[in-house]
Amino acid sequence: MATRVRPSSKRCAVIGGSGFLGRHLVEKLLDRGYSVCVFDIRQSYELPGVTFHQGDLCDKQALLSAMKDVSLVFHCASPAPASDDRGLFERVNIQGTRTVIEACVEAGVQKLVLTSSASVVFEGTDIKNGREDLPYAKKPIDYYTETKIVQEKLVLEACDKEKGFLTVAIRPHGIFGPRDPQLVPILVDAARRGKMKFIIGDGTNLVDFTFVENVVHGHILAAERLRPDSPICGKSYHITNDEPVRFWDFMSEVLVGLGYAAPRYHLPYTLVYGLALLLWLLALILRPLVSFKPTFTPMRVALAGTHHYYSCDRAKQDLGYKPVVGLKDGIARTVQSYPHLRQGA
Ligand SMILES: NC(=O)C1=CN([C@@H]2O[C@H](COP(=O)(O)OP(=O)(O)OC[C@H]3O[C@@H](n4cnc5c(N)ncnc54)[C@H](O)[C@@H]3O)[C@@H](O)[C@H]2O)C=CC1
Ligand SMILES: CC(C)CCC[C@@H](C)[C@H]1CC[C@H]2C3=C(CC[C@]12C)[C@@]1(C)CCC(=O)C[C@@H]1CC3
């Protein structure tokens, strides 16, 4: 009689492992003695101890071949929020996540850790010390957020102790760090085009930004604590730096660190938000004729002009989470890692 080999608890797969967060996660998993299989539509690096499976997560057969002998799966793949492509978000974040769950169950994977987002509760209005029991956004501010909500629900509802399939969702916020393709590059691009002279609103709004190594730490703690008897099964966890900062102070520190001037002049929030909405609509209507991507999208303006910071108490209590890199240190390491984005480079 054929005996089924029990997958090693130190063998895992990272879906989206070629991305910014995914690669940092892979590096830390290797340090901790895991062997890692990366599943991604692209291969962006090579590392000893890592096997790459290039494929689309909507393809179950491709996923199944990457999940052989794997007991733990991290799902941190998503189209970039800036793509603003409804069809793509629905296909990858919703249908694709259904496929990931089906493949996990079929392959006998025991644990699935999803990278969700704290933005699943953000509707464009202030959130101060938001806890995980806040309701999901009823009117999500963009397609990215809309599909991240459905994705998180799918993964948490799939948690089934009887079947031996355990799930948990990590909700980071504003991830930054070396190799981030979004925050710093978009900010510098805006500065180089002379668009970072203005502060949206009065500049006092507090926000969470999370250094990537803290996000990785939260994921690994969750994976290692995910057991049938633990309270974390089927739950979501905010992971931040736990140091809310003024949005515009954070942006200024990064800009000045890279040699650009800090924004100085104030513009009323409602005016900028209204203009961003108008531009977004215009871009949508004109899409068949011309393609342009406004820097100031409604989502970015909302993020830049409101309070949005979250409590990590649940993660501290259930996961034993504590940030491993402070904000100041994280910013310094990030700024240092972008010599090519410095003013004049
Ligand atoms: N960057 C941030 O501030 C935040 C990110 N998140 C979440 O963290 C996760 C990772 O984000 P980042 O590393 O910033 O993004 P990223 O764009 O650097 O990485 C995403 C990876 O997913 C892969 N991917 C996309 N579609 C795929 C598909 N159909 N099949 C297989 N692979 C596919 C991409 O090739 C890429 O390597 C995402 O789920 C995102 O929603 C959550 C909160 C904040
Ligand atoms: C042009 C300026 C007003 C803003 C430049 C910086 C922004 C590009 C970033 C500031 C906050 C960031 C953020 C995200 C992406 C990059 C920013 C808008 C997310 C939307 C990424 C995906 C998430 O799940 C939530 C993030 C919130 C913060």
Side-chain angles (χ1 to χ4, degrees), residues 14-26 38-45 53-59 62-63 66 74-85 88-89 91-93 95-97 99-100 114-122 140-142 144-145 147-149 151-152 155 169-177 179-191 193 195-196 198-201 207-212 215-216 218-219 238-240 247-248 250-251 254-255 263 267 272 276 294-306 308 310:
V14 180
I15 304 173
S18 284
F20 164 49
L21 171 65
R23 181 170 170 186
H24 280 277
L25 178 59
V26 169
V38 166
F39 185 93
D40 202 298
I41 33 172
R42 64 192 173 111
Q43 178 173 354
S44 61
Y45 59 95
H53 284 250
Q54 208 168 330
D56 189 324
L57 60 82
C58 300
D59 177 351
L63 281 172
F74 295 92
H75 174 8
C76 56
S78 168
S83 70
D84 201 35
D85 180 337
L88 182 66
F89 285 128
R91 194 180 72 80
V92 177
N93 287 351
Q95 291 160 33
T97 298
T99 311
V100 168
L114 171 73
T115 315
S116 179
S117 168
S119 292
V120 294
V121 297
F122 184 64
I141 204 157
D142 59 9
Y144 166 80
T145 314
T147 57
K148 290 296 283 186
I149 295 173
Q151 177 191 55
E152 186 185 279
V155 168
I170 298 300
R171 292 181 177 176
H173 195 54
I175 312 176
F176 72 100
R179 300 192 298 252
D180 154 44
Q182 271 193 112
L183 199 154
V184 176
I186 293 174
L187 184 63
V188 166
D189 181 60
R193 291 157 180 255
K195 293 181 177 176
M196 288 311 293
F198 303 100
I199 292 171
I200 301 170
V207 168
D208 277 321
F209 287 101
T210 315
F211 189 63
V212 63
V215 181
V216 165
H219 279 70
H238 291 153
I239 291 293
T240 74
F247 181 94
W248 293 98
F250 181 90
M251 292 300 146
V254 174
L255 284 172
L267 285 175
V272 186
T295 308
F296 292 88
T297 61
M299 178 60 153
R300 286 182 195 159
V301 173
L303 288 166
T306 58
H308 41 99
Y310 299 85

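Just so you know, ligand 1 is whichever comes first in the structure, and atom 1 is the first atom listed for that ligand. We're numbering straight along the sequence, starting at 1.
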Original post:
Which protein heavy atom lies closest to atom 20 (C) of ligand 2, and at what distance to 0.1 Å?
Top reply: Leu303 CD1, 3.9 Å
Subject >> Test item: Trp248 side-chain N/O and Phe198 main-chain N/O as donor-acceptor pair under 3.5 Å >> reply: no
**OP:** Kindly compute the distance separating NE2 (His24) from CG (Asp180), expressed to the nearest 0.5 Å.
**Re:** 8.5 Å
Subject >> Geometric cation-pi criterion, Arg171 with Tyr310: 6.0 Å, 45° >> reply: no
**OP:** Output yes when a protein non-hydrogen atom is found under 4.0 Å of atom 7 (C) of ligand 2, and no otherwise.
**Re:** no
**OP:** Could you tell me whether atom 17 (C) of ligand 2 has at least one protein heavy atom nearer than 4.0 Å?
**Re:** no
**OP:** May I ask you to list the atoms of ligand 2 that are less than 4.0 angstrom from any heavy atom of Ser119?
**Re:** 25 (C)
Original post:
Roughly how far, to the nearest 0.5 Å, is NE2 of His219 from CG of Leu21?
Top reply: 5.0 Å
Original post:
In ligand 2, which numbered atoms sit nearer than 4.0 Å to a non-hydrogen atom of Ile186?
Top reply: 8 (C)
Original post:
Under 4.0 Å from any heavy atom of Ser117, which atoms of ligand 2 are there?
Top reply: 23 (C), 24 (O), 25 (C)
**OP:** Just need the protein heavy atom nearest to atom 15 (C) of ligand 2, so name the residue and atom and give the distance.
**Re:** Gln182 OE1, 3.6 Å
Original post:
Once the angle between the rings of Phe250 and Phe176 is folded into 0 to 90°, is it parallel (under 30°), tilted (30 to 60°) or perpendicular (over 60°)?
Top reply: perpendicular
Original post:
Short list, please: which atoms of ligand 2 are under 4.0 Å from a heavy atom of His173?
Top reply: 27 (C)
**OP:** Collect the protein residues that have a non-hydrogen atom under 4.0 Å from ligand 1 and hand them over in chain and number order.
**Re:** Gly16, Ser18, Gly19, Phe20, Leu21, Asp40, Ile41, Arg42, Gly55, Asp56, Leu57, Cys76, Ala77, Ser78, Val92, Thr115, Ser116, Ser117, Tyr144, Lys148, Pro172, Gly174, Ile175, Pro181, Gln182
Subject >> Donor-acceptor under 3.5 Å (Thr297 side chain, Arg300 main chain) >> reply: yes
Original post:
Less than 4.5 Å apart, any side-chain heavy atom of Met251 and any of Leu183?
Top reply: yes
**OP:** Give the residue, atom name and distance (to 0.1 Å) of the protein heavy atom nearest atom 12 (C) of ligand 2.
**Re:** Leu183 CD1, 4.3 Å
Original post:
Is any side-chain heavy atom of Leu303 less than 4.5 Å from a side-chain heavy atom of Ile141?
Top reply: no
Original post:
CG/Leu187 to OG1/Thr295 distance, rounded to the nearest 0.5 angstrom?
Top reply: 11.0 Å
Subject >> Heavy atom of the protein closest to atom 4 (C) of ligand 2 (residue, atom name, distance) >> reply: Phe247 CZ, 4.3 Å
Original post:
For Ser18, does its backbone N or O pair with a side-chain atom of Ser44 as donor and acceptor, under 3.5 Å?
Top reply: yes
Subject >> Close approach of His308 to ligand 2, heavy atoms, under 4.0 angstrom >> reply: no
**OP:** Determine whether Leu57 and His75 make a side-chain contact, defined as any pair of heavy atoms from C-beta on separated by less than 4.5 Å.
**Re:** yes
Original post:
Hey, is Met251 touching ligand 2 through its side chain, its backbone, both or neither, going by heavy atoms under 4.0 Å?
Top reply: side chain
Original post:
Do ligand 2 and Tyr144 have nitrogen or oxygen atoms that lie under 3.5 Å from each other?
Top reply: yes
Original post:
Do Leu63 and Phe39 come close enough that some side-chain heavy atom pair is under 4.5 Å?
Top reply: yes
Original post:
With atoms numbered from 1 as shown, which atoms in ligand 2 lie under 4.0 angstrom from a non-hydrogen atom of Phe296?
Top reply: 1 (C), 3 (C)
Original post:
Under 4.0 Å from any heavy atom of Arg300, which atoms of ligand 2 are there?
Top reply: 18 (C)
**OP:** Scan side-chain atoms only and decide if Lys148 and Ser117 contain a donor-acceptor pair under the 3.5 Å cut-off.
**Re:** no
**OP:** Compare all side-chain heavy atoms of Val92 with those of Ser78 and state whether any distance is below 4.5 angstrom.
**Re:** no
Original post:
In the protein, which heavy atom is nearest to atom 5 (C) of ligand 2, and how far is it?
Top reply: Leu187 CD1, 4.1 Å
